[in-house]
There are 2 protein chains.
Amino acid sequence: MRAYEPDDTDWAILHELQLDARISFNELGRRIHLSPPSVAERVRRLEGHGILTGYAAHVDPAAVGQDVTAYINLRCDPGRCLLKTADPEEFPEVVEIHKLAGRHCTMLRVRVASIAHFEGLVERIGTHGPLETTMVMSTPFTRREVRPAPPRRPVTTGDAWWQAKDASGDA
Amino acid sequence: MRAYEPDDTDWAILHELQLDARISFNELGRRIHLSPPSVAERVRRLEGHGILTGYAAHVDPAAVGQDVTAYINLRCDPGRCLLKTADPEEFPEVVEIHKLAGRHCTMLRVRVASIAHFEGLVERIGTHGPLETTMVMSTPFTRREVRPAPPRRPVTTGDAWWQAKDASGDA
DNA sequence: AATGAAAGGTCGGCAAC
DNA sequence: GTTGCCGACCTTTCATT
């Protein structure tokens, strides 16, 4: 069970703040038809429950000359795991790190100013283990806002061969 | 050549606003030792040049029950490209789309409430072409702030066999 | 849990230097 | 880029529903 379940009003607040984090409680209340004190109380509740975790300005990397985005999938050598043997400050180009299930142990999202720079980065990271790189050509969208989970859909629209008609399962 | 090159003061502003987008111009000026009108002018300049592109609240997906993050790498069938034949609203679980160079044409970052939900999503997206999925187990960090590009590093520390000593190239 | 009013502080914009 | 000022807006508190 989750600590707190946002209601529709909370989701309206989350929506507005994800669109523009700089609006005042007054303006926010105006938009969602709630008085400023109520808005403030809800925002603090959402913050308190760890749902609202912060407010950030977005800086367009391409506008400051960091045009190249790529992913690096890494399979760290035993004892040379990037996450355990390297300081993140060593790799400012790495903007995102995921630990993965599957063939690779780690996926890095990197942002650099040029392919030449990327080549140097790959050499540096390659000391930790074999890797695969994927260049991003364009990003139709990113950072889509968090919304309430849609109602669960059935896995398939019709019955499949592995679905017993009497719906007996091992649940 | 880029339209506008942020100076150190601009970067200080970008830093503070990426840390907390909700501070006032007053507070911002206090932190970077600049008067509020100057701060306001710089912020508007950065916005005007497309460097500051927006301000967003961060909502923790896990805190609202969307615990599962995964990537789907897709190689769209000819004429059934996901980006051209599907409405993004059809796939609210897809929070990020990248067009790729390499083996796959598209990488999707998806966020769902459960593995069961993920299975259904994969079935729906699978109609567009063959795909590979990668589960994210954890994310040590994401959304690292944009910073000034570090000085370019040499590709290798020493000369390599393909580097001619007289530095003649085809540039 | 939300509202309304009132108090006090803060903010943002403008003009002048 | 800075200072000073003014009007407007904002946040908070508290009593009330």
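Given the structure is predicted, the values throughout are model-derived calculations rather than measurements. Here is how names work: the chains are called A, B, and so on, in the same order as the sequence lines, proteins then strands, and each is numbered from 1.
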Discussion item. Among A:Q66, A:E93, A:R111, which residue satisfies the side-chain hydrogen bond (donor to acceptor under 3.5 Å, both in side chains) criterion with A:H117?
Written reply: A:E93

Worksheet, complete the sentence: Using a 4.5 Å side-chain heavy-atom cut-off and chaining through intermediate ILVMFWY residues, the residues clustered with B:V95 come out as none

Worksheet, complete the sentence: the helix from C:dA1-D:dT17 to C:dC17-D:dG1: angle between terminal helix axes, five bp per end, to the nearest 10 degrees, reads 30°

Worksheet item: Which is the 5'-most and which the 3'-most nucleotide of DNA chain D that has an atom under 4.0 Å from a heavy atom of chain A?
Response: D:dC10 to D:dT13

Worksheet, complete the sentence: Residue pairs meeting ring pair (Phe, Tyr, Trp, His ring centres under 6.0 Å), one or both in residues 75-98 of chain B, sequence neighbours left out, come to A:Y71-B:H98

Fill in: side-chain contact (heavy atoms from CB on, under 4.5 Å) against B:P37, all qualifying residues, sequence neighbours excluded
B:S35

Item to complete: Mark yes or no for whether B:R42, through its side chain, and B:T9, through its backbone, hold a donor-acceptor pair below 3.5 Å.
Response: no

Worksheet entry | Residues which pass side-chain contact (heavy atoms from CB on, under 4.5 Å) with A:H15, listed by chain and number, not counting sequence neighbours | A:L19, A:E145

Worksheet entry | Remaining members of hydrophobic cluster (4.5 Å side-chain criterion), A:F25 | A:Y4, A:W11, A:I13, A:L14, A:L17, A:I23, A:L28, A:I32, A:L34, A:V39, A:V43, A:L46, A:I51, A:L52, A:Y55, A:V146, B:V59, B:V64

Worksheet, complete the sentence: Sorted by chain and number, sequence neighbours left out, side-chain contact (heavy atoms from CB on, under 4.5 Å) with B:A113 holds for none

Worksheet item: Charged N to carboxylate O under 4.0 angstrom, B:R45 versus B:E5?
Response: no

Worksheet item: Is the shortest distance from a Lys or Arg side-chain nitrogen in B:R124 or B:E90 to a carboxylate oxygen in the other one below 4.0 Å?
Response: no

Worksheet item: Does CG in B:D8 sit with more than 12 non-hydrogen atoms of other residues, nucleotides or ligands closer than 6.0 Å?
Response: no

Item to complete: Could you list where the contact with chain A starts and ends along DNA chain C, reading 5' to 3', using a 4.0 Å heavy-atom cut-off?
Response: C:dA1 to C:dG4

Worksheet entry | Residue-level proximity of residues 18-27 of chain A to DNA chain D when a heavy atom falls under 4.0 Å | A:S24, A:F25, A:N26

Worksheet entry | Side chains of B:M107 and B:L74 in contact at under 4.5 Å (non-hydrogen atoms) | no

Fill in: Lys/Arg-Asp/Glu bridge criterion (N-O < 4.0 Å) met for B:E27, B:R30
yes

Worksheet item: Per the side chain to side chain contact (heavy atoms under 4.5 Å, CB included) rule, which among B:V94, B:T106, B:L131 passes with B:I72?
Response: B:L131

Practice prompt. Mind listing the residues from residues 29-44 of chain A sitting with a heavy atom below 4.0 Å of DNA chain C? Number order is fine.
Written response: A:L34, A:S35, A:P37, A:S38, A:R42

Worksheet item: By side-chain contact (heavy atoms from CB on, under 4.5 Å), which residues pair with A:H58, not counting sequence neighbours?
Response: A:R143, B:T53, B:A56

